[in-house]
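In this text, all values refer to a predicted model and were calculated from it rather than measured experimentally.
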There are 2 protein chains.
Amino acid sequence: MSAPLATPLEIVRTRSLASLVAQEIEGLILSGQIAPGERLNEQALAARLGVSRGPVREAVRGLERSGLVVAVVNQGSYVRTMRVEEALQVFDIRVALTGHAAASVAARATPALLAPLERIMRDLTAAERADDAATYYALNLEFHAALFELAANPRAAQLYDGLGKELHLFRRRALLQPENMRQSNAEHAAILQALRDGDVAAARAAGEHHIVGGRARFAASHPSDQSRPQQVAGGESDARRKSGLPPG
Amino acid sequence: MSAPLATPLEIVRTRSLASLVAQEIEGLILSGQIAPGERLNEQALAARLGVSRGPVREAVRGLERSGLVVAVVNQGSYVRTMRVEEALQVFDIRVALTGHAAASVAARATPALLAPLERIMRDLTAAERADDAATYYALNLEFHAALFELAANPRAAQLYDGLGKELHLFRRRALLQPENMRQSNAEHAAILQALRDGDVAAARAAGEHHIVGGRARFAASHPSDQSRPQQVAGGESDARRKSGLPPG
DNA sequence: AGCTTGTCAACTGTCGACAGTTGGCATCAT
DNA sequence: ATGATGCCAACTGTCGACAGTTGACAAGCT
């Protein structure tokens, strides 16, 4: 566990260390290597990445703004824990975004315009048939990105992306099950069809429905969780406090 | 201009300096005291606020994540300049958010639930009649906040707020003209009526229309601006570079 | 025993300093 | 004159150090 990280940290110096560190930490969080609720030990992080605490602090501040991390004064920063309720709100926002984007694309859809989506749809279906969850997952991301791109709204795409990251704060269970994959892809097909038809209302409905479906699947697989401590409830033991860097 | 800032900086120490500084800088940007495209001189800022550069840097990093600031390595951070096109995208997102929220509220509206909105609506109309733009502006914010609250989606409210801040990167001209005020309030009324009726589709349409109207007013009052330099185009003179702190 | 109080180690918050980079300006050659 | 070249000041990026705070643990009191 000495230094298994061959990250770009050592490589490019065209970006500030802080930005690299931010990217690095974000990766650790999203990949689950640092779990929600867990503390970010600045010193340990700095040592692990081979930089001083300055850049680490700057990075953490950025992450804080973007909602992945919460800071407590004189105590430290913790990976944000999300209550189911909050996650559902985020889903709702994605519903609105996706429905709007779909409607917007439908309003001026042409076969040429839809070409990228058609391509992704084909690949998506192939992945579904092959039960290739990993590929499907990646293509799914592409599908949504393409939708926002067609809607000529990169800002919305970026936002959608960020919200997706927040959602990663939950263990992504039940996301890649074959059954869900089939369901999800049927929804993709519905969106695309509405787009082809240039049917604004249908496109919006299909777009919304797709995310609502995801939301429902999420809600179904998560208990109401009233028990979860708001956020770093007082009871953090020192043992926990020390555990900035888990097994690694 | 020695130390005219009686900001909370000196007062509360229950929050970290960095967060106070971030708030301070954000205020300077949103109030236009630091104009879009202008450079943020860390040293000057630190001196002005009476802290060292550390907290200032952390604050700027946060602002960077939230989109108010862009950083260039080894050169500095600049208040973000927004192209009209980007602003329109942001408007679009607000359209989606507002429409969705209105629809969501309409779906389960009751007189009791709508009470807060009714109250704000009354005040709004009073402000409109009195041509009290400042009050109207504040109440308008309240109206939207209340809408999202009723939609049980504080996350969306927060997001809407943040997007509003980004929009402040544009001089807010044409926002508080009497004519617009009347128009805007008529739209508020339409939303509320649809909510009372529990008409989901109408509520969504009214909600969207309200923002689309704002968007249109914005677009009308802004040239297409292809001329605007992408962002800190190479030509920053040193004179400009030095002008971190303008007149003050 | 249970509760209070004092002590301690681990961190965070903040600062000051140093090195590296950038762009501008003056100088020099063509 | 015009363009290339070298120097210089102003900053940013990064680091190491110090002070203050927090929570835990142990000793002492009721």
Side-chain angles (χ1 to χ4, degrees), chain A residues 9-25 38-64 69-79 229 232-245, chain B residues 9-25 38-64 69-79 229 232-245:
Chain A
L9 262 184
E10 322 255 357
I11 313 170
V12 230
R13 284 282 168 140
T14 161
R15 293 172 54 188
S16 86
L17 269 193
S19 77
L20 270 332
V21 170
Q23 189 176 318
E24 197 66 22
I25 297 179
E38 200 166 318
R39 179 143 157 286
L40 296 174
N41 184 321
E42 294 179 359
Q43 292 187 154
L45 239 23
R48 173 167 177 175
L49 298 175
V51 302
S52 82
R53 277 177 53 220
V56 173
R57 284 180 63 84
E58 290 179 27
V60 170
R61 279 292 174 278
L63 262 11
E64 188 186 355
V69 158
V70 295
V72 182
V73 277
N74 282 320
Q75 192 181 336
S77 299
Y78 300 78
V79 177
V232 182
E236 290 290 45
S237 77
D238 199 48
R240 173 115 204 200
R241 203 181 175 192
K242 277 182 166 177
S243 75
L245 277 298
Chain B
L9 262 184
E10 320 256 355
I11 313 170
V12 229
R13 285 283 169 138
T14 161
R15 294 172 55 187
S16 87
L17 269 193
S19 77
L20 269 332
V21 170
Q23 189 176 318
E24 197 66 21
I25 297 178
E38 199 166 321
R39 179 142 158 287
L40 297 173
N41 185 321
E42 294 179 359
Q43 291 186 156
L45 240 23
R48 174 166 177 176
L49 299 174
V51 302
S52 82
R53 275 177 54 221
V56 172
R57 285 180 62 84
E58 289 179 27
V60 170
R61 278 293 174 279
L63 262 12
E64 188 186 353
V69 159
V70 295
V72 182
V73 278
N74 282 320
Q75 193 182 335
S77 299
Y78 300 78
V79 176
V232 181
E236 290 290 45
S237 76
D238 200 47
R240 173 117 207 199
R241 203 181 175 193
K242 277 181 166 179
S243 75
L245 276 298

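- Among the nucleotides C/dC11, D/dG13, C/dG13, the one closest to the side chain of B/Arg57 is D/dG13.
- When each of C/dG13, D/dC15, D/dT12 is scored by its nearest atom to the side-chain atoms of A/Asn74, the top-ranked nucleotide is C/dG13.
- Of the candidates A/Val56, A/Val51, A/Val21, A/Val56 is the only one forming a side-chain contact (heavy atoms from CB on, under 4.5 Å) with A/Leu45.
- Nearest heavy atoms, A/Leu49 versus A/Glu24: CD2-CG, 3.6 Å.
- Residue B/Arg15 contributes atom CZ, which lies 18 Å from atom P of D/dT21 at whole-angstrom precision.
- Of the candidates D/dG13, D/dC15, C/dG16, the closest approach to any side-chain atom of B/Ser52 belongs to C/dG16.
- Between the CG atom of A/Leu17 and the P atom of D/dT12 there is a distance of 17 Å, given to the nearest Å.
- A close approach under 4.0 Å does occur between a side-chain nitrogen or oxygen of A/Gln75 and OP1 or OP2 of D/dG23.
- Taking 3.5 Å as the limit, the base of D/dG13 and the side chain of B/Arg53 contain a donor-acceptor pair of atoms between them.
- Taking atom CD of residue B/Glu58 and atom C1' of nucleotide C/dC15, one finds them 12 Å apart after rounding to whole Å.
- Between A/Arg39 and C/dT12 there is a side-chain polar atom (N or O) within less than 4.0 angstrom of OP1 or OP2.
- The two residues B/Ala18 and B/Ala59 have their closest heavy-atom pair at O-CB, 3.6 Å.
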Derivation and outcome, side-chain contact (heavy atoms from CB on, under 4.5 Å), residues A/Arg61 and A/Glu58: CA-CA 5 Å; A/Arg61 279 292 174 278; A/Glu58 290 179 27; 5.7 Å; no

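- Across the protein-nucleic acid pair, B/Tyr78 atom OH and C/dT22 atom P stand 12 Å apart, rounded to whole Å.
- Summarising the geometry, the separation between CD on B/Glu64 and P on D/dT12 is reported as 14 Å, rounded to the nearest angstrom.
- To the nearest angstrom, P of D/dC15 lies 11 Å from CG of A/Leu49.
- Within the 4.0 angstrom heavy-atom criterion, base atoms lie near A/Gln43.
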